Amino acid sequence: MCHVRKSHLFGGICLITCFILSFNFYWPRRYQLTRLGSPPICGGQVPNDTITPLNDQRTFIISAYKDNREGNIIRILGIVHHKEVKELYCYFCCNSNTNVYPTRAGIDIHQDRFGFPYGLADIICTEPPDCRAEFVSVHWSPSEVVHNLTSFRIRNRDPGQFTANFTVCFSAMYRNYSNVLQFIQTIEMYNILGAQKVMVYLNNCSRQMEEVLRYYTEEGTVEVIPWHIQQYLKVSHNWQYPNDGTEIGYYGQLSALNDCIYRNMYSSKFVVLNDQDEIILPFKHRTWDTMMESLQRENPNVGIFLFENHVFPQTVVSDGNFTNTSTWNRVPGSNLLQYIHREPDRPNYFNIRKMIVDPRAVIQTSVHSTLKQYKNSKYVPLETALVHHCRGPLQPQLPREALIEDKTIWSYNGSLILKVNQMLKQFSEKPR
């Protein structure tokens, strides 16, 4: 039972804080998984989490998607043990939802597993002829009683009109994420640049951050996907396997990114793949819309656009003497407008990229490039745009004068200050 009281966090911004014994218990009550309809007559229960383990404990299903680019293909995203999972079957509830059709699945494990024993796989089944299944179940045996299985609604069955030009996908938010001010500024910058929606795969965060996520969710900008992967697998903070008994890297980052692409494949014209401390900033254009119009016009066969990542170290602070930002000092986190110096390229290092993609052109993605796709990729030159990555330094030995001054973020200061202040005011006035 939650005991609710009002507290004044952020120094005057009114929040509600719920006190309970366990944060892990508290959070799921706030963000329950949206259940996609009732279970079929011929199947079992619908999933109660974003990740569903099969009873072999070596396969974990995320979501099922109709791949309208591939005829009768149903593509199921799942996390599997790369050695031990060799055989899986799809059970389709067809037409009247009373007939069950098992069919053997193909298992395509994504190549970027980075040495961990578990990785993302496309579990691919061909829908039976004259079957229009709403649900599909997965099992390692072709003769399982279907009522014992979890039934996954098949998404993307009927593609509709775009509801967004740009959807931003954040992979897992974890480690009690608490950089509240930078997150607010980033969301408002995305809005200025042209994004209509931000997807957050949430493992855990601070309570202040939780209230901000709730605000943006109710406002309609953010959709939170519960991501409790540590309940099923031993997760690592590293991207590469450190040989320490962990089972999957970076809290299943690749699984979240691929799921986000498929969730938004037919609802968003573009999907932006980056982290919550990154913003793709155009140099030649004011918004993503005009930038992508230009890039697509010049590159009609390209569906994946890769932007150079440049670090703006949080150890080098600048003061723009901006007015009307005094309330920001009481919000926990970093202030993006204070970081206008970026590190130069490191010798003998390749600059990683982040992407804006046409999701219908992507089959499988990694973090910095796609793995399988229908269209070409293009490296976007630095004079067009960069990824403004506000984080700790990668080259801490560099003096300030060795950094590159880049005030691009300041060109948005008027709009950004106005929008952040409006958000904080509305946030403080919102009933809790």
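Just so it is clear, the model here is predicted, and its values are computed rather than measured.
Side-chain contact check for Glu144 and Ser141: no donor-acceptor pair (N or O, by modelled atom type) lies under 3.5 Å. Under 3.5 Å, the side chains of Asn68 and Asn156 contain no donor-acceptor pair of N or O atoms. With hydrogens and angles left out, the side-chain atoms of Asn309 and His368 include no donor and acceptor closer than 3.5 Å. Judged purely by distance below 3.5 Å, without hydrogens or angles, the side chains of Asn203 and Gln230 pair a donor atom with an acceptor atom. In summary, the side chains of Asn191 and Lys419 do present a donor paired with an acceptor at a separation below 3.5 Å, with no hydrogens or angles considered. A side-chain donor-acceptor contact under 3.5 Å links Gln314 and Gln182. With hydrogens and angles left out, the side-chain atoms of Tyr262 and Arg75 include a donor and acceptor closer than 3.5 Å. When only modelled atom types and interatomic distance are considered, Gln364 and Asn258 share no side-chain donor-acceptor pair under 3.5 Å.
The backbone N or O of Pro226 lies less than 3.5 Å from a partner atom in the side chain of Thr50, making a donor-acceptor pair. Between the side chain of Thr217 and the backbone N or O of Leu213, at least one donor-acceptor pair lies under 3.5 Å. No donor-acceptor pair closer than 3.5 Å links the side chain of Asp259 to the backbone N or O of Ser255. Side-chain atoms of Asp56 come within 3.5 Å of backbone N or O of Thr59 as a donor-acceptor pair. A donor-acceptor pair under 3.5 Å is formed between the side chain of Tyr201 and the backbone N or O of Cys260. Side-chain atoms of Gln296 do not come within 3.5 Å of backbone N or O of Ser294 as any donor-acceptor pair. Without hydrogens or angle criteria, Ser268 side chain to Phe270 main chain gives a donor-acceptor distance under 3.5 Å. With Ser415 contributing its side chain and Tyr412 its backbone, the two residues share no donor-acceptor pair below 3.5 Å. Between the side chain of Asp406 and the backbone N or O of Thr408 there is at least one donor-acceptor pair closer than 3.5 Å. Checking side-chain atoms of Ser137 against main-chain N and O of Thr150 turns up a donor-acceptor pair under 3.5 Å.
Not less than 6.0 angstrom separates the ring centroid of His82 from the ring centroid of Phe116. Taking the six-membered ring for Trp and the full ring otherwise, His389 and Phe312 have centroids separated by 6.0 Å or more. You'll find the ring centres of Tyr190 and Trp288 inside the 6.0 Å limit. Taking the centre of each ring, Tyr118 and His81 come in below the 6.0 Å mark.
Taking CD of Gln208 as the start and CG of Leu181 as the end, the distance is 12.5 Å to the nearest 0.5 Å. Here the OG atom belonging to Ser178 is positioned 13.0 Å from the CD atom belonging to Glu210, to the nearest 0.5 angstrom.
The pair Arg69-Asp67 counts as a salt bridge, with a side-chain nitrogen and a carboxylate oxygen less than 4.0 angstrom apart. For the pair Asp158 and Lys66, the salt-bridge criterion is not met [side-chain N within less than 4.0 Å of a carboxylate O]. Look at Lys284 and Glu383 and you find no salt bridge, because none of the NZ, NE, NH1 or NH2 atoms lies under 4.0 Å from a carboxylate O. At a threshold of 4.0 Å, the pair Arg214-Glu219 does not count as salt-bridged, since none of the basic side-chain nitrogens sits closer than that to a carboxylate oxygen. Using a 4.0 Å cut-off between a side-chain N of Lys or Arg and a carboxylate O of Asp or Glu, Glu247 and Lys234 do not qualify as a salt bridge. Under the 4.0 Å criterion applied to side-chain N and carboxylate O atoms, Glu223 and Lys197 are assigned as salt-bridge partners. The pair Lys425-Glu429 counts as a salt bridge, with a side-chain nitrogen and a carboxylate oxygen less than 4.0 angstrom apart.
Counting non-hydrogen atoms of neighbouring residues, nucleotides and ligands closer than 6.0 angstrom, the CZ atom of Phe350 exceeds 12 such neighbours. Counted within 6.0 Å of CD on Gln161, heavy atoms from surrounding residues, nucleotides or ligands total 12 or fewer; the atom is thus considered open.
A heavy-atom distance below 4.5 Å is not found between the side chains of Ile107 and Glu87.
Relative ring orientation between Tyr232 and Phe60 is described as tilted, the plane-to-plane angle lying within the 30° to 60° band.
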**Study point:** Verdict with supporting geometry, Ser366 and Ser369, side-chain hydrogen bond (donor to acceptor under 3.5 Å, both in side chains)
**Key:** CA-CA 5 Å; Ser366 188; Ser369 64; 5.5 Å; no
Review point. Is there a side-chain hydrogen bond (donor to acceptor under 3.5 Å, both in side chains) between Thr370 and Gln373 once you walk through the steps?
Key: CA-CA 7 Å; Thr370 54; Gln373 59 282 321; 2.6 Å; yes
Practice item. Dump the intermediate steps for ring-ring contact (aromatic ring centres under 6.0 Å, His included) on Phe114 and Tyr241, then the final yes or no. Key: CA-CA 6 Å; Phe114 302 116; Tyr241 184 51; over 10 Å; no
Practice item. Check step by step if salt bridge (Lys or Arg N to Asp or Glu O under 4.0 Å) holds for Lys354 and Glu308. Key: CA-CA 7 Å; Lys354 291 300 176 75; Glu308 283 189 22; over 6 Å; no
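The two residues Val80 and Ala121 have their closest heavy-atom pair at CG2-CB, 3.8 Å. Looking at every heavy atom in both residues, Asp275 comes nearest to Ser171 through OD1-OG, 3.5 Å. Of all non-hydrogen atoms in Ser206 and Val180, the two that sit nearest each other are OG-CG2, 4.4 Å. Across all their heavy atoms, Trp227 and Gly252 have their closest contact at CZ2-O, 3.6 Å. Val136 and Cys90 make their closest contact through CG2-CB, 3.9 Å (heavy atoms, listed as atom of the first residue, atom of the second, distance). Nearest heavy-atom pair, Ser334 versus Asn179, reported as atom, atom and distance to 0.1 Å: N-OD1, 2.8 Å.
A cation-pi contact, defined as under 6.0 Å to the ring centre and within 45° of the axis, links Arg353 to Tyr379. Under a cutoff of 6.0 Å and an axis angle of 45°, Arg132 and Phe92 do not form a cation-pi pair.
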